[in-house]
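I have placed the structure first, in the form of structure tokens, so that the comments after it can refer back to it.
Both backbone and side-chain heavy atoms feed into the values below; hydrogens, waters and symmetry mates do not.
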Amino acid sequence: MDCLFCKIINREIPADIVHEDDEVLAFNDINPQAPTHVVIVPKRHIATLNDIEEDDLALVGRLQYTAARLAKERGFADDGYRVVMNCNDQGGQTVYHIHMHLMGGRRFTWPAG
Ligand code: AMP
Ligand code: ZN
């Protein structure tokens, strides 16, 4: 399958991996928008948030749980951080394999751009 994140998961393309378990892989974003900017992806290919089904709820929860764990490990959980999932064109999605952005280590503004 011609999917960038599947290729990273399958080790066909290198990435700076920061966490891995049976279901999830997390790696540093190649174009970081914060001192910490990690992309957290399910190992199973799901194209967009719109494709999530009831059976995937635990998997999506694991993305969130992984984000919070990494934030704690890196010491900015209490200060605060941002998690984002972009969906489709207007949401700013560029890689069509669902992923959660974890950004931390600076102050974020709201609303997002
Ligand atoms: P999105 O725009 O929400 O689909 O996010 C895709 C993210 O993947 C962007 O923040 C990109 O900088 C990041 N990205 C693209 N290619 C790579 C790569 N080879 N390794 C790590 N991150 C990447
Ligand atoms: Zn994929």
Side-chain angles (χ1 to χ4, degrees):
M1 188 187 296
D2 192 25
C3 167
L4 178 65
F5 289 170
C6 281
K7 286 179 180 160
I8 288 176
I9 291 158
N10 294 330
R11 306 302 203 269
E12 292 164 30
I13 290 176
D16 191 6
I17 293 167
V18 299
H19 170 82
E20 179 168 25
D21 61 43
D22 287 349
E23 293 179 286
V24 164
L25 190 73
F27 47 89
N28 286 325
D29 196 292
I30 206 168
N31 182 24
Q33 303 299 313
T36 284
H37 185 170
V38 172
V39 179
I40 305 164
V41 306
K43 287 187 170 175
R44 186 156 54 80
H45 181 88
I46 302 171
T48 81
L49 207 46
N50 293 335
D51 301 305
I52 295 289
E53 295 181 359
E54 192 114 19
D55 284 352
D56 302 320
L57 298 187
L59 183 57
V60 177
R62 184 169 285 277
L63 301 180
Q64 185 71 74
Y65 178 65
T66 303
R69 273 188 48 197
L70 287 169
K72 286 179 202 171
E73 274 173 29
R74 287 162 186 238
F76 56 72
D78 288 343
D79 284 342
Y81 54 94
R82 180 68 54 86
V83 290
V84 174
M85 291 182 82
N86 297 325
C87 184
N88 278 338
D89 182 46
Q90 285 215 39
Q93 186 171 7
T94 60
V95 179
Y96 283 79
H97 178 133
I98 61 164
H99 49 281
M100 184 169 284
H101 296 260
L102 166 65
M103 290 171 284
R106 69 168 172 87
R107 178 171 293 278
F108 295 92
T109 57
W110 190 258

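- Contact between G104 and A34 at its shortest, heavy atoms only, is O-CB, 3.7 Å.
- For the atom pair R106 CZ and R82 CZ, the distance stands at 8.0 Å (nearest 0.5 Å).
- Note that CE of M100 is 11.0 Å distant from CG of N86, once rounded to the nearest 0.5 Å.
- Scanning both residues, T48 and I98, for their nearest heavy atoms gives C-CG2, 3.1 Å.
- Aromatic ring centres of H97 and H99: separated by at least 6.0 Å.
- Enclosure of atom CZ in F108 by more than 12 non-hydrogen atoms of other residues, nucleotides or ligands within 6.0 angstrom is indicated.
- Connection of Y81 to Y65 is not established within any shared hydrophobic cluster, with ILVMFWY side chains joined at heavy-atom distances below 4.5 Å, either directly or through further cluster members.
- A distance of 6.5 Å separates OG1 in T36 from CG in L102, rounded to the nearest 0.5 Å.
- Scanning all heavy atoms of the two residues, the minimum distance from G105 to P35 falls at O-CG, 3.4 Å.
- Rounding to the nearest 0.5 angstrom, the gap separating the OH atom in Y96 from the CD1 atom in I46 is 15.5 Å.
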Before giving the answer on side-chain contact (heavy atoms from CB on, under 4.5 Å), spell out for H45 and D51 the whole-Å C-alpha distance, their side-chain angles and the decisive distance to 0.1 Å. CA-CA 10 Å; H45 181 88; D51 301 305; over 6 Å; no
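- At most 12 non-hydrogen atoms from other residues, nucleotides or ligands lie less than 6.0 angstrom from CZ of R107.
- In this structure, Q93 contributes its side chain and N88 its backbone to a donor-acceptor pair below 3.5 Å.
- Note: D16 CG to I30 CD1 = 10.0 Å, rounded to the nearest 0.5 Å.
- In the hydrophobic cluster analysis, where Ile, Leu, Val, Met, Phe, Trp and Tyr join through side-chain heavy atoms closer than 4.5 angstrom, V83 is grouped together with L57.
- Linking ILVMFWY side-chain heavy atoms closer than 4.5 Å, directly or via other members, places L70 and V84 in two distinct hydrophobic clusters.
- Atom CE of M103 sits about 10.0 Å away from atom CZ of F76, to the nearest 0.5 Å.
- Contacts classified as salt bridge (Lys or Arg N to Asp or Glu O under 4.0 Å) and involving residues 53-65 (residues at least two apart or in different chains) are given here: D21-R62, E23-R62, R44-D56.
- The other members of the hydrophobic cluster of L4, by chain and number, are F5, I8, I9, I13, I17, L25, F27, V39, V41, V95 (side-chain heavy atoms under 4.5 Å, ILVMFWY only).
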